[in-house]
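Here, residue 1 is the first one in the sequence, and each next residue gets the next number.
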Amino acid sequence: MDCRSSDQDVRTPLPSTARDALKIVIVGGFGVGKTTMVGSVSEIRPLSTEETMTQAGVGIDEGASPGKTTTTVAFDFGRISLNEQMVLYLFGAPGQERFWFLWDRLFAGTLGAVVLVDTHRLADSWYSIDRLEHHGTPFIVARNNFGEPEHSLDQVRQALDLPAEVPLIDCDARRRDSSKTVLLALVNHLFALSSARETTS
């Protein structure tokens, strides 16, 4: 496997003031935009394990967006400093079913996750949500708008049977500001859950 960096030439050093690091996993169906999100928001050149799709994947790797020619075969990795003290380490999980065996290892040490969904293929999100609930990993859901969404956020919540306490927001994974807003929403959700546990303990 050829692990290579993207062409993005960004090499921001880790701030010397950084004190807190959180491991975040971005999951979702095949071709939903996980690699795009990591690449758009990472302040370092992201590590990508993208490989060219071949005829061998025909009939196996179904559901990709039209024109998709590469696929993640292990994970994507990036980093973003939310402020002078807090740093997020981002891991984008592969979406194809044949690579799901990697997810349990990616979830190890993860404090939270983003489930990226495509409203044209909502059913592709069910496995992600099921595995996160199985591991007891807090998560938020972000509707990735590469095109005009087919369903409202309320319809997405109902279709995915999301509890009211799970945040559901819009995003465009191609845009750094939008992806950063998603990550901030996850961090705020994690802090809210932590504060609630402290109040009841």
Side-chain angles (χ1 to χ4, degrees), residues 22 24-41 59-68 70-72 75-76 78 80 82 88 90-100 103-104 106-107 110-196:
L22 303 178
I24 302 299
V25 174
I26 302 171
V27 297
F30 179 39
V32 77
K34 300 178 296 294
T35 298
T36 300
M37 175 171 278
V38 173
S40 72
V41 78
I60 299 174
D61 296 335
E62 298 296 343
S65 56
K68 184 173 175 60
T70 60
T71 182
T72 299
F75 60 86
D76 302 303
I80 180 173
L82 290 184
L88 301 185
L90 312 174
F91 291 81
Q96 309 96 300
E97 183 175 353
R98 60 193 172 112
F99 295 126
W100 284 350
W103 284 30
D104 287 347
L106 282 178
F107 288 167
T110 298
L111 292 184
V114 173
V115 179
L116 206 56
V117 302
D118 179 347
T119 57
H120 299 86
R121 296 179 285 123
L122 280 176
D124 292 354
S125 309
W126 292 340
Y127 180 79
S128 304
I129 293 171
D130 177 72
R131 296 313 298 163
L132 291 168
E133 291 178 341
H134 173 77
H135 284 273
T137 304
F139 65 93
I140 69 168
V141 176
R143 177 176 69 174
N144 187 21
N145 294 323
F146 277 169
E148 188 68 27
E150 288 190 352
H151 310 283
S152 69
L153 288 179
D154 286 341
Q155 289 172 326
V156 172
R157 182 177 294 278
Q158 184 175 5
L160 296 179
D161 196 23
L162 291 178
E165 61 270 18
V166 175
L168 170 61
I169 62 176
D170 264 328
C171 77
D172 184 336
R174 298 166 295 189
R175 293 173 42 202
R176 177 179 172 83
D177 59 337
S178 184
S179 295
K180 186 173 182 179
T181 296
V182 171
L183 298 176
L184 283 169
L186 174 59
V187 170
N188 289 335
H189 181 54
L190 295 176
F191 277 129
L193 293 175
S194 178
S195 298

_I want to check something: taking the side chain as every heavy atom from C-beta on, are V27 and V114 in contact at a cut-off of under 4.5 Å?_
no
*What distance separates L132 CG from T137 OG1, expressed to the nearest 0.5 Å?*
5.5 Å
*asked:* I'd like to know if the side chain of N188 reaches the main chain of L184, judged simply by a donor and an acceptor atom lying under 3.5 Å from each other, with no hydrogens or angles considered.
replied: yes
*asked:* Nearest 0.5 Å, please: how far is CG in L90 from CE in M37?
replied: 9.5 Å
*If every non-hydrogen atom of R176 is compared with every non-hydrogen atom of V41, which pair is closest and at what distance?*
NH1-O, 2.6 Å
*Which residues pass the salt bridge (charged side-chain N to carboxylate O under 4.0 Å, His left out) test with R131, sequence neighbours left out?*
D104
*side-chain contact (heavy atoms from CB on, under 4.5 Å) with I169: which residues, sequence neighbours excluded?*
I140, A142, V182, A185
*Is there side-chain contact between P163 and R157, with heavy atoms separated by less than 4.5 Å?*
no
*asked:* When you compare the side chains of S178 and D172, does any donor N or O come within less than 3.5 Å of an acceptor on the partner?
replied: no
*Can you tell me how far OG of S125 sits from CG of D130, rounded to the nearest 0.5 angstrom?*
12.5 Å
*Kindly give the heavy-atom pair with the smallest separation between V32 and L116, and that separation in Å.*
CG2-O, 3.5 Å
*For A173, does its backbone N or O pair with a side-chain atom of N144 as donor and acceptor, under 3.5 Å?*
yes
_Measuring only between side-chain heavy atoms, which start at C-beta, is I80 closer than 4.5 Å to L88?_
yes
*asked:* Could you report the tightest heavy-atom contact between L186 and G112, atom names first, then the distance?
replied: CD2-C, 3.9 Å
*asked:* Please determine whether side-chain contact (heavy atoms from CB on, under 4.5 Å) holds for the pair T110 and I24, giving the CA-CA distance in whole Å, both sets of side-chain angles, and the decisive distance to 0.1 Å.
replied: CA-CA 6 Å; T110 298; I24 302 299; 5.7 Å; no
*For D170, check side-chain hydrogen bond (donor to acceptor under 3.5 Å, both in side chains) against everything at least two apart and list the hits.*
R143, N145
_Residues which pass ring pair (Phe, Tyr, Trp, His ring centres under 6.0 Å) with H151, listed by chain and number, not counting sequence neighbours_ = none
_Smallest separation among heavy atoms of S128 and V115, with atom names_ = CB-CG1, 4.1 Å
*asked:* Ignoring hydrogens, what is the shortest heavy-atom contact between L111 and P138? Give both atom names and the distance.
replied: O-CD, 3.5 Å
*With sequence neighbours left out, what residues match F139 under ring pair (Phe, Tyr, Trp, His ring centres under 6.0 Å)?*
none
_Looking at Q155, I'd like to know if its CD atom is crowded, meaning that more than 12 non-hydrogen atoms belonging to other residues, nucleotides or ligands lie closer than 6.0 Å._
yes
*Of all heavy-atom pairs between E165 and H189, which one has the smallest distance, and what is that distance?*
O-CE1, 3.3 Å
*Any side-chain donor paired with an acceptor under 3.5 Å for S40 and S179?*
yes
*If you round to the nearest 0.5 Å, how far is CG of L22 from CG of L82?*
8.0 Å
*For D177, enumerate each residue passing the salt bridge (charged side-chain N to carboxylate O under 4.0 Å, His left out) test, keeping only those at least two apart in sequence or located in another chain.*
R175
*Kindly compute the distance separating CG (L160) from CD1 (I129), expressed to the nearest 0.5 Å.*
4.5 Å
